[in-house]
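Let me begin by presenting the structure, written as structure tokens, before commenting on it.
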Amino acid sequence: MRGFLLAAVLWVVVPSLAWGQAGEEDVRPLDLGGTATTAGHAALFDNPARLLADDLSGWPAGDRRIAVTVGHVQAYGGGDLLQFSRYDEALVQEEPLSDREAQSAVDSWFGGQERGARAYAEVRPVAVTIRARDGRWAAGGAVRTRTMARAAIDEGWLDLALRGTTPARELPLNGRSAATVMTDLTVAYARHFESHNLKVGVAPRLVVGHSRAEGDFDSSLSVASEEITHRFDYQVQAAGQPAAEVVDSFNAFASSPLGGATLSNPIGRIAGWGGGIDLGASYDLSAQAGLSYPLEVAVSLTDLGALRWNSRTQRVTPRGDTFQYDGVVFDQSRIQDEHDGNIATYFRSTLDSLATDAYQDVERSQDAFTTSLPATLHLGAVGKPLGGATRLHLGASAALHSSLAPTLHLAAERQLGPIPLRGGLRLGGDHALALGMRTGVHVRTFRFEVGLTATPTTSSVGSGGRYALELSLATVQL
């Protein structure tokens, strides 16, 4: 148990040191017990060194085996914007909130920070791994298509919605969003250095970008007794279909904002090329620490790399930076001549004209741009400190290009005849405490697996929701 506790300390501290920048983040839908200690063929995208590790399926280490997986699908949705008790408090009320109640609702939901939502979907049509009979090496390859999306806003938007333009104040109105569709072509190789109790692995990949859209909106709204001033700056970038076509055609002031844009399927189109690499290692601590039970510690770095988007690119920035409204002058002749005496129509037309002058004029360019892959550090430990056949997993992950907090993982697994059972919990990130489980059927050379993760509430040990599904239709040993 002493060695397992030491591994737990490292598991908590090191990812916290890595956390801190803004950008892409890794989204692992299930990762029960963490990513670094994934074993066998399932480790192809998690820790290439662990291609040489044994899982609890009964496929012994001494066998030379080829494993083929088809139809692996996983998806995730959630984020700290999904706080259902806050929705009830702020938006589902029979009576309008007082100004003090509205301010309290805003503060309790956002706390001066941005809140966001994320979605992820992944399909692996086929993956193949092979391990040498003597267990000294393993190799594999796979195809994977991923869709990643995120969006975040700050408290100013909710404040404006609940409290309107009174009292006088200045509000931050900021927002960020990004969506990417890409396909990976990955190969992996792992080597076991028995004399050092060490396994290492590497997995380079070719990345094909299908579609990318991202936007960063920075602004502030100053509300005074007779004047509203909106200062803003933004940048929208897109590449590939349909993202670039939507950005190119969008006009908020037109009767048809999307113009003639078509929302076609981006997969099959190439908008950019890139490359990446996964690195991993796993070390057996049992002998060095004098433990009576097996214990391995593992580390992996996934998605180190970048994508260069150079097809159908579009970049939009504003020419103006201020919208100011200090009242409307009622021109009686225009009201009669242009709006048939309708004051409401005249008022809307005047506001539309002011907004058009401020917001519609933009600069466009078609320059290529580069985005990083969601590089992530994973640490883990796996062993049997309680004795018996139950394995415990400790894990942690930290996105290297994101301000998202590290995630911490604990799981236990056991094989009951042909039924694998694995359950665990996940803390940190942008969600409350999440609980998950995975099960399936392992029969001779065939396996089927399914897993679920969910937050029982969106306010227990953290804030936010997390809902994930994983399905592996078939893995066959040849």
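The figures that follow rest on heavy atoms only: side chains count, while hydrogens, waters and symmetry mates do not. What you are looking at is a predicted structure, and each value in this text was computed from that prediction instead of being measured.
The shortest non-hydrogen separation linking Asp278 to Pro48 is O-CG, 3.9 Å. Among all heavy-atom pairs drawn from Gly464 and Gln83, the shortest one is N-CG, 4.0 Å. Nearest heavy-atom pair across Trp309 and Val181 is CH2-O, 4.1 Å. Taking all atoms of both residues into account, the shortest heavy-atom contact from Gly209 to Leu307 is N-CD2, 3.8 Å. The two residues Leu171 and Gly156 come nearest to each other via the heavy atoms CD1-O, 4.0 Å. Heavy atoms only, all atoms of each residue included: Ile153 and Phe110 are closest at O-CE2, 3.6 Å.
Put simply, OG on Ser300 and CG on Leu379 are 8.0 Å apart, with the number rounded to the nearest 0.5 Å. Taking CZ of Phe217 as the start and OH of Tyr234 as the end, the distance is 8.0 Å to the nearest 0.5 Å. Separating the OG1 atom in Thr229 from the CG atom in Leu221 is a distance of 8.0 Å, to the nearest 0.5 Å. To the nearest 0.5 Å, atoms CD1 (Ile270) and CZ (Arg312) are separated by 15.0 Å. Arg212 contributes atom CZ, which lies 13.5 Å from atom OG1 of Thr313 (distance to the nearest 0.5 angstrom). Distance check, rounded to the nearest 0.5 Å: CD of Gln366 to OG of Ser311 gives 12.0 Å.
Remark: the backbone N or O of Pro374 is paired with a side-chain donor or acceptor of Thr376 at under 3.5 angstrom. Without hydrogens or angle criteria, His431 side chain to Gly465 main chain gives no donor-acceptor distance under 3.5 Å. Panel note: side chain Ser108, backbone Ala105; a donor-acceptor pair is recorded below 3.5 Å. Between the side chain of Ser463 and the backbone N or O of Ser459, no donor-acceptor pair lies under 3.5 Å. A distance-only check finds a donor-acceptor pair linking the side chain of Arg169 to the backbone of Pro167 [under 3.5 Å]. Not a single donor-acceptor pair under 3.5 Å links the side chain of Asp184 to the backbone N or O of Thr186. The main-chain N or O of Glu101 is found under 3.5 Å from a side-chain atom of Ser98 such that the two form a donor-acceptor pair. A distance-only check finds no donor-acceptor pair linking the side chain of Arg426 to the backbone of His409 [under 3.5 Å].
Ala102 is linked by a side chain to side chain contact (heavy atoms under 4.5 Å, CB included) to Leu97, Leu162, Arg163, counting only residues two or more places apart in sequence or in another chain. Shown here are the ring-ring contact (aromatic ring centres under 6.0 Å, His included) partners of Trp109, two or more places apart in sequence or in another chain: Tyr87. Take Glu114 and apply the side chain to side chain contact (heavy atoms under 4.5 Å, CB included) test, not counting sequence neighbours, and it matches Ala152, Asp154, Asn174, Arg176. Taking the salt bridge (charged side-chain N to carboxylate O under 4.0 Å, His left out) definition, one finds that Arg308 meets it with nothing, sequence neighbours left out. Looking at residues two or more places apart in sequence or on another chain, you find a salt bridge (charged side-chain N to carboxylate O under 4.0 Å, His left out) between Arg319 and Asp361, Glu363. Residues satisfying the side chain to side chain donor-acceptor pair (under 3.5 Å) criterion with Arg231, sequence neighbours excluded, are absent altogether. Under the side chain to side chain contact (heavy atoms under 4.5 Å, CB included) criterion, Leu433 pairs with Leu425, Leu427, Leu435, Val461, not counting sequence neighbours. With sequence neighbours left out, Glu170 forms a side chain to side chain donor-acceptor pair (under 3.5 Å) with no residue at all. Tyr189 is linked by a side chain to side chain contact (heavy atoms under 4.5 Å, CB included) to Trp137, Ala139, Arg191, counting only residues two or more places apart in sequence or in another chain. Taking the ring-ring contact (aromatic ring centres under 6.0 Å, His included) definition, one finds that Phe232 meets it with His230, Tyr359, sequence neighbours left out. Residues forming a side chain to side chain donor-acceptor pair (under 3.5 Å) with Asp430 (at least two apart in sequence, or on another chain): Arg118. Scanning for side chain to side chain donor-acceptor pair (under 3.5 Å) contacts around Glu155 gives an empty result, with sequence neighbours left out.
Taking the side chain as every heavy atom from C-beta outward, Ser472 and Thr69 approach each other to under 4.5 Å. Annotation: side chain of Arg124 is not in contact with side chain of Leu44 (no heavy-atom distance under 4.5 Å). A heavy-atom distance below 4.5 Å is not found between the side chains of Pro125 and Val70. Side chains of Leu51 and His41 form no contact here, defined as non-hydrogen atoms less than 4.5 Å apart. The side-chain heavy atoms of Val207 and Leu373, taken from C-beta on, include a pair separated by under 4.5 Å. Using a 4.5 Å heavy-atom cutoff, the side chains of Val123 and Gln74 are not in contact. Residues Leu410 and Leu394 are in side-chain contact: their nearest non-hydrogen atoms beyond the backbone lie under 4.5 Å apart. Between Val208 and Trp273 there is a side-chain heavy-atom pair separated by less than 4.5 Å.
Thr457 and Ser460 share a side-chain donor-acceptor pair at under 3.5 Å. Using modelled atom types and a 3.5 Å distance limit, the side chains of Gln237 and Gln314 yield no donor-acceptor pair. Side-chain contact of Glu470 with His72: a donor-acceptor pair under 3.5 Å is present, judged by distance alone. For the 3.5 Å distance criterion, the side chains of Asp99 and Gln103 fail to qualify, holding no donor opposite an acceptor. Inspection of the Thr37 and His393 side chains reveals an N or O donor paired with an N or O acceptor under 3.5 Å.
Asp46 pairs with exactly one of Thr302, Thr35, Thr38 by the side chain to side chain donor-acceptor pair (under 3.5 Å) rule, that one being Thr38. Looking at Arg466, Arg115, Arg150 one by one, the single match for salt bridge (charged side-chain N to carboxylate O under 4.0 Å, His left out) with Asp80 turns out to be Arg115.
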Check against side chain to side chain contact (heavy atoms under 4.5 Å, CB included), Thr180 and Thr147: CA-CA 6 Å; Thr180 307; Thr147 298; over 6 Å; no
Side chain to side chain contact (heavy atoms under 4.5 Å, CB included) evaluation trace for Val236 with Val362: CA-CA 11 Å; Val236 177; Val362 299; over 6 Å; no
Test side chain to side chain contact (heavy atoms under 4.5 Å, CB included) applied to Leu469 and Val450, step by step: CA-CA 8 Å; Leu469 169 68; Val450 62; 4.3 Å; yes
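Under a 4.0 Å N-O distance rule, the pair Asp303/Arg146 qualifies as a salt bridge.
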